[in-house]
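One structure is given here, and the rest of the page talks about it.
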Amino acid sequence: MYAKIVVDVNAKRVDKLFDYAVPAELEKLMAVGMRVVVPFGPRKIQGYVIELFEGDSDRQLKAIHCIQDVTPELNSELIELSAWMQKTHIAKRIAVLDVMLPNAVKGKYHKVYRLVDEDVPENIKVLFNKQGMKKIGECSLNDITLLRPLIESGEVIEDIDVSQQQRIKTQKAVTLADMDVDSALNSLRTDKQKSLVELVADNKIMTLKELKDMDYSPAVVNGVVKKGLLKKIDVEDVRDPYKDRVFFADEKKTLLPEQQEAYNAVKEAIDAERNDVFLLHGITGSGKTEVYLQTISDVLDKGMTALMLVPEIALTPQMVERFKARFGDEVAVLHSGLSAGERYDEWRKIRSGEARVSVGARSSVFAPFKHLGLIIIDEEHEASYKQADYPRYHARDIALWRAEYHQCPVILGSATPSLESYARAEKGVYTMLTINERANQFPVPSVHVVNMREELAAGNRSMFSETLTTAINDRIQKGEQIVLFLNRRGHAQFMLCRDCGYVPQCPNCDISLTYHKVTDDLKCHYCGYKEPKVLKCPSCDSDHIREMGVGTQKVEELIYKHFDGAKVIRMDNDTTTRKGSHERLLSQFKNGEANILLGTQMIAKGLDFPNITLVGVLNADTMLNLPDFRSAERTYQLLTQVAGRAGRAEKEGHVIIQTYNPDHYAIEHAKNNDFLGFYNQEMQFRKVGKYPPYFYLVNLVFSHRDMKEVLLESRHIHEVLLQHLSPGSFVLGPAPCAIGRINNQYRFQIIIKFKSEPDLLTALMYLDDYYYDKFVKDKFSLSIDINPQSMM
DNA sequence: AGCACGCCGACT
DNA sequence: GTCGGCGTGCTC
């Protein structure tokens, strides 16, 4: 037997399948998808079994060294998917496999000394572990002196140990020993021991912890074990991060007519096992989640599985609670807050079939389900579904591939669909499902736009307009709650000299340094460069240099100064990095420990508190002015989402949007909650600008230390692309990137725009291959982003 | 990516 | 004469 293996070496040159012989003693155990350790050149590394085949090989093949799993980590679907991703994402197979699997699975390599012969003096033997290994990194000088003669004589050799990062957690348990239960019971004297054996006989396996909880002391258990009636074993201990929480069973809610219609359409596709894609366009508060829950429930009833994706920041305890309440232990939750071990446990629950529903962020799209009956992507427009770094996959693409593989339907849900998806639904590629009425029947909040230019003209230079100030004071007095949203993207704090206008820049990148109040220093967000806060302007020696721009901290201070009786909870990256802090802050707000919740992007989603009657958007424009073709779309989506936080209950909600561009169509349509109006206008702009969904985009970024070289080389690549691509496509550039230099690497970009380009992948693969050696040798780097989410 | 092999300069 | 610099090339 032979095996085709992907080796764990992240290099283009070895991005192919290697053939190995399977040793006779491993043939029975060997399965596709397993991880194995193989000799590779002079060393030993981990690899994935992609294919097994029989027959003679005329080549002298090396043999697989050992297996790493008993149950394969990958199934044949994921293997096929990885091949597809390798091709369509211009990515290395191993890099693709790496993002598919949970971190705990990935191998760790240690250089070790290995004891060849066990028969050595005791003082040497104690240095080694049970497997006769000793990590070289853990050797003291003394150890090495001791070992040196043995290394020279060959009794100890250098080797590489491939180990798993995260061991499966085990627990001690007991089970029946091989023996007749009745005769066993007869041989026991005490009732306690008898009942213990009966209990174990009934349950097959009981952990010691369970027994202890049932008042069987270790002494009793050990006594029976000693008699040979029970035996101790290790069982896998599945960590459940939510195990201490009690979930109340959640009942099906009656669907409103529009919900029902959407549900019926999906249900029909589920039953027919048809690979339909639905775009569920439902305004905020229209009860999309209830539709998801009921369709999932149907899938489970059919004995199939369901995968649901939500944006990372929407994966709040509230959301999880709702799923756990409806489906109980059948739910696996996958998000970034889990430890590697917890994540792996959830993964294994899915693989074994113990969990049949998953709720998770982007990477959970690879969850190893069998018999998928439905895939749901909630908030399908969210940019976070696209992985920002290599391999740049979009969870939506993966979901569509998997749905086709399983022949099951997909629901793309959103209140503000991406233009790409909406256009496809309009064309009939996807099935459009619309919900226009709110499930709770409460009125849509009223939206008021404040023109900050007028405020400024009227002499109000604070960041709170007259209207907002009045509204905030009113809510504080009534004891109602307020959410204030500060759009921080592209609006970090920096230092500015008031005399000469100097702004401290990163010496390695073409970007100004960001001021961090917590550490009181200046940092570069791109390369990590750090320097102390400057007290005197390095340019003109003036001491009128100070922090500019508003951060949430600054706004918090201003709120306390501006409003009596304000009690603020601030949510941003600084206050929510600790595990569980997100949840804690929200529950504090929910309990009324504060009346103002101030935050960035992360508060735009999911919070659903009845007492919020006012939502203020402090600066609606910052996102609008970003040099990106999606900036209007992003602004519209964000404003709609933020507005959705108000009036989720009986009390009427108000939204106040402060902006310097009150007439911008993104803001106007957001104000009127008019998606179609926005869509039509934005589509015009996309059509004229030759942007998605009219054209597909590929963003190529080249970087190198030497500006001249990178410019010359990218010009050449421009030529190559023109030759390879069809006349209907556009190749723009090379032009300097928006941030022209990062970490002393000059950056140029080329943008490809095309409607249909059958040779695209071939051309890109050619670039990736042909230039690879050059890029390695001359430290050039090329990044290829197909369907980029951002052009910056 | 690692690691070995190999072919040149500065040292005992 | 040899130790070590890192360019080159290979890994089933």
Side-chain angles (χ1 to χ4, degrees), chain A residues 1-27 29-68 74 79 82-83 86 89-101 103 105-114 133 135-137 148 151-152 154 157-165 389-391 703-706 709 745 765 768-784:
Chain A
M1 191 193 258
Y2 300 96
K4 293 201 179 291
I5 308 269
V6 172
V7 293
D8 182 19
V9 176
N10 188 21
K12 188 94 197 159
R13 306 277 295 270
V14 292
D15 185 24
K16 56 184 174 180
L17 299 175
F18 287 84
D19 292 346
Y20 282 89
V22 178
E25 68 271 20
L26 285 180
E27 281 200 13
L29 288 166
M30 191 58 66
V32 162
M34 268 183 183
R35 293 168 308 144
V36 292
V37 176
V38 292
F40 193 65
R43 62 213 164 107
K44 275 200 207 97
I45 53 167
Q46 193 177 83
Y48 294 90
V49 178
I50 296 301
E51 199 186 315
L52 291 169
F53 61 101
E54 300 289 344
D56 324 289
S57 176
D58 38 357
R59 283 169 300 166
Q60 197 52 46
L61 296 176
K62 286 190 183 174
I64 289 171
H65 180 254
C66 66
I67 58 172
Q68 293 268 94
L74 296 162
I79 289 174
S82 71
Q86 176 189 28
H89 291 66
I90 321 285
K92 281 163 283 196
R93 188 83 176 265
I94 189 66
V96 171
L97 290 171
D98 244 22
V99 287
M100 296 197 338
L101 293 172
N103 269 320
V105 166
K106 286 158 209 170
K108 246 191 173 173
Y109 299 89
H110 302 285
K111 274 193 131 177
V112 292
Y113 287 131
R114 191 183 292 278
M133 290 190 302
K135 283 185 192 166
I136 290 179
R148 190 149 198 178
I151 296 166
E152 278 164 8
I157 52 164
E158 265 188 41
D159 201 358
I160 287 165
D161 174 48
V162 188
S163 64
Q164 214 161 291
Q165 259 177 23
D389 42 22
Y390 179 92
S703 52
H704 187 59
R705 291 192 78 80
D706 187 335
E709 287 240 16
Q745 303 280 310
M765 240 182 276
D768 198 48
D769 278 350
Y770 184 80
Y771 282 95
Y772 179 75
D773 285 331
K774 177 171 186 56
F775 292 145
V776 166
K777 216 172 93 210
D778 302 339
K779 298 266 161 57
F780 259 88
S781 98
L782 159 64
S783 101
I784 301 175

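Labels below follow one simple rule: chain letters A, B, ... track the order of the sequence lines, proteins then strands, and each chain is numbered from 1.
Between A/Asp98 atom CG and B/dA1 atom P the separation is 14 Å, expressed in whole Å. Taking atom CD1 of A/Ile45 as the reference point, atom P of B/dA1 lies 13 Å away to the nearest angstrom. Straight-line distance from the OH atom of A/Tyr20 to the C1' atom of C/dT11: 7 Å, rounded to whole Å. Atom CZ of A/Phe53 and atom P of C/dC12 are 14 Å apart (whole Å). Here the P atom of nucleotide C/dT11 and the CD1 atom of A/Ile94 are 19 Å apart, to the nearest Å. One atom, CZ of A/Arg43, and another, C1' of C/dC10, lie 11 Å apart when rounded to the nearest Å. To the nearest angstrom, P of C/dC12 lies 11 Å from CG of A/Asp19. For the pair A/Lys62 NZ and C/dT11 P, the interatomic distance rounds to 9 Å; values are reported in whole Å.
Just one residue in the list A/Leu61, A/Leu52, A/Ile67 forms a side-chain contact (heavy atoms from CB on, under 4.5 Å) with A/Val22, and that residue is A/Leu52.
Under the 4.0 Å criterion applied to side-chain N and carboxylate O atoms, A/Lys92 and A/Asp98 are not assigned as salt-bridge partners.
Within 4.0 Å of A/Phe40, counting heavy atoms only, lies at least one base atom of the nucleic acid. Contact annotation for A/Asn10: backbone-only contact, meaning every heavy-atom pair under 4.0 Å involves sugar-phosphate atoms and none involves a base.
Between C/dT11, B/dA4, C/dC12, one nucleotide has an atom nearer to the side chain of A/Leu61 than all others, and that is C/dC12.
Residues A/Tyr2 and A/Ala21 come closest through the heavy atom pair CD2-CA, 3.7 Å.
Distance check: A/His65 NE2 to A/Lys44 NZ gives 4.0 Å after rounding to the nearest 0.5 Å.
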